[in-house]
Amino acid sequence: MTAAEDGTSPASGGDARVEFEGVDKSYDGRTLVVEDFNLTIRKGEFVTLLGPSGSGKTTILMMLAGFQTPTAGTIRIDGRSVEDLPPRRRGIGMVFQNYALFPHMTVGRNLAFPLEVRGLNAEERQERVERALQLVRLEGLEDRRPGQLSGGQQQRVAIARALVFEPDLVLMDEPLGALDRSLREEMQYEIRRIHQELAVTVVYVTHDQQEAMVMSDRIAVLKEGVVEQIAPPEALYEEPERAFVARFIGENNRLHGRVVTVDGDLCEVETGRERIRALRIADCEAGDRVTLSIRPERIAVNPEPGVYGNQVGASIRDLSFLGDHLRVRMDACGREDFIAKIPNIVGHGGILVGDTVRVGWTVTDCRALNFEEKGPH
């Protein structure tokens, strides 16, 4: 994928809403917590910064908001550099994990406060507060205080307050982290609905890959302050370009091996006693070490001979019934935790723990990525 395709290069004309160009951040003058960060966000786009703790995602958001200053590089909003522009003049709505509501104020007063600061008259304030409450489906609760609301309702109020002055850009820092799982999933779709309804530009921070996949137009995956890949959710899952991305986005089988032969976009890799054919994603040559990535749902158990470009022997170690699929853990390719997922359909129960089987997958479902030994399965 080219820079133009994933949007890391400047968008043409007036399409760019936010631009990061060569941005670094260091707190101590020695260690970079963000390094050479480049990203162009288009108007109306929902972009998520995704990564584990310490990956630099919140620091990037705080630099965009104006609460942190880049050590190097440029940040632009609507083509204007904002390094010397204070947060209050950037016209950005903010939503935090802890809601940051005023407990002594009613919901209505919490929403009206940012409008008062901007000098809107009482009638306009009331109209905007009502619109914002309708947007987050909290009509009739304007006289309650935050302490009288559930966690989900408080988060809706925080979102309404970020939107009440009708900003073109909204930043969200782990806004659903304090909610339980079912409420978090509900709020994911609510935020997505609001984004689609308003066509506002959203920059969202999370460490939750499912959250990012559900809501985002594009996701920037970060590791130790460096971007590993920027792409739409489906592309990140189906076409990871780095071993870290394949490991971080969804479950996958990771096999380490050494390249034996290279043939254009394909290569053959020796791993354990097997030779596996794969797509050559890493810039590798014969003799190089690589990490192979194969999604468990792309692996067939006991396929017909010759159907798949890769077929190896395996021994079943464990079977787990998970409703819509059966999770099969086996010894294969020198690993004891090789996983296949079999759909829950008639006939799926034809294998048992201890069985010796053949497993297969296509060459195009196996990606030879940069070698990365550490990290889980």
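Just so you know, these numbers come straight off a predicted model, no measurement behind them.
With 3.5 Å as the limit, one finds a donor-acceptor pair spanning the side chains of D28 and S26. In this model, a donor atom of one side chain and an acceptor atom of the other lie less than 3.5 Å apart for E130 and Q126. In summary, the side chains of T59 and Y27 do present a donor paired with an acceptor at a separation below 3.5 Å, with no hydrogens or angles considered. At a cut-off of 3.5 Å, with distance as the only test, a side-chain donor of D173 or T58 sits close to an acceptor on the other residue. Side chain to side chain, T206 and E211 meet the donor-acceptor criterion of an N or O pair below 3.5 Å. Judged purely by distance below 3.5 Å, without hydrogens or angles, the side chains of S293 and N252 pair a donor atom with an acceptor atom.
Under a cutoff of 6.0 Å and an axis angle of 45°, R295 and Y237 form a cation-pi pair.
Ring planes of F37 and F20: perpendicular class, angle over 60° (limits at 30 and 60°). Taking the six-membered ring for Trp and thresholds of 30 and 60 degrees, F371 and H256 have ring planes more than 60 degrees apart, a perpendicular arrangement.
With rounding to the nearest 0.5 Å, the separation of CZ in R317 from CD1 in I339 is 10.0 Å. Atom CG of residue L115 and atom CZ of residue F165 lie 8.5 Å apart, to the nearest 0.5 angstrom. Here the CD1-CD distance, from I60 to Q68, works out to 12.0 Å after rounding to the nearest 0.5 Å.
Looking only at side-chain heavy atoms (C-beta outward), V23 and M63 come within less than 4.5 Å of each other. Looking at heavy atoms from C-beta onward, I75 lies out of side-chain contact with S81 at the 4.5 angstrom threshold. Using a 4.5 Å cut-off on side-chain heavy atoms (C-beta onward), I219 and M213 make contact. Side-chain contact check for V157 versus V136: every heavy-atom pair is 4.5 Å or farther apart. The side-chain heavy atoms of P175 and Y204, taken from C-beta on, include a pair separated by under 4.5 Å. In this structure, F102 and R109 have side chains that are not in contact, with every pair of non-hydrogen atoms separated by 4.5 Å or more.
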Item to check | Verdict with reasoning, E186 to S182, per side-chain contact (heavy atoms from CB on, under 4.5 Å) | outcome: CA-CA 6 Å; E186 177 185 335; S182 61; over 6 Å; no
Checklist entry - Under the side-chain contact (heavy atoms from CB on, under 4.5 Å) criterion, do M187 and R156 qualify, and how do the steps go? => result CA-CA 8 Å; M187 285 302 300; R156 288 171 189 260; 3.8 Å; yes
Next on the checklist: Between K341 and E251, does the salt bridge (charged side-chain N to carboxylate O under 4.0 Å, His left out) criterion hold? Intermediate values first, please.
Outcome noted: CA-CA 10 Å; K341 293 179 179 178; E251 187 176 24; 3.3 Å; yes
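Across every non-hydrogen atom of T362 and N310, the tightest pair is O-ND2, 4.0 Å. Contact detail for L255 and R335: the closest heavy-atom pair is CD2-CD, 3.5 Å.
Using a 4.0 Å cut-off between charged nitrogen and carboxylate oxygen, R358 and E304 do not count as a salt-bridge pair.
Using a 4.5 Å cut-off between side-chain heavy atoms of Ile, Leu, Val, Met, Phe, Trp and Tyr, with links allowed through other members, V47 and L236 fall into different hydrophobic clusters.
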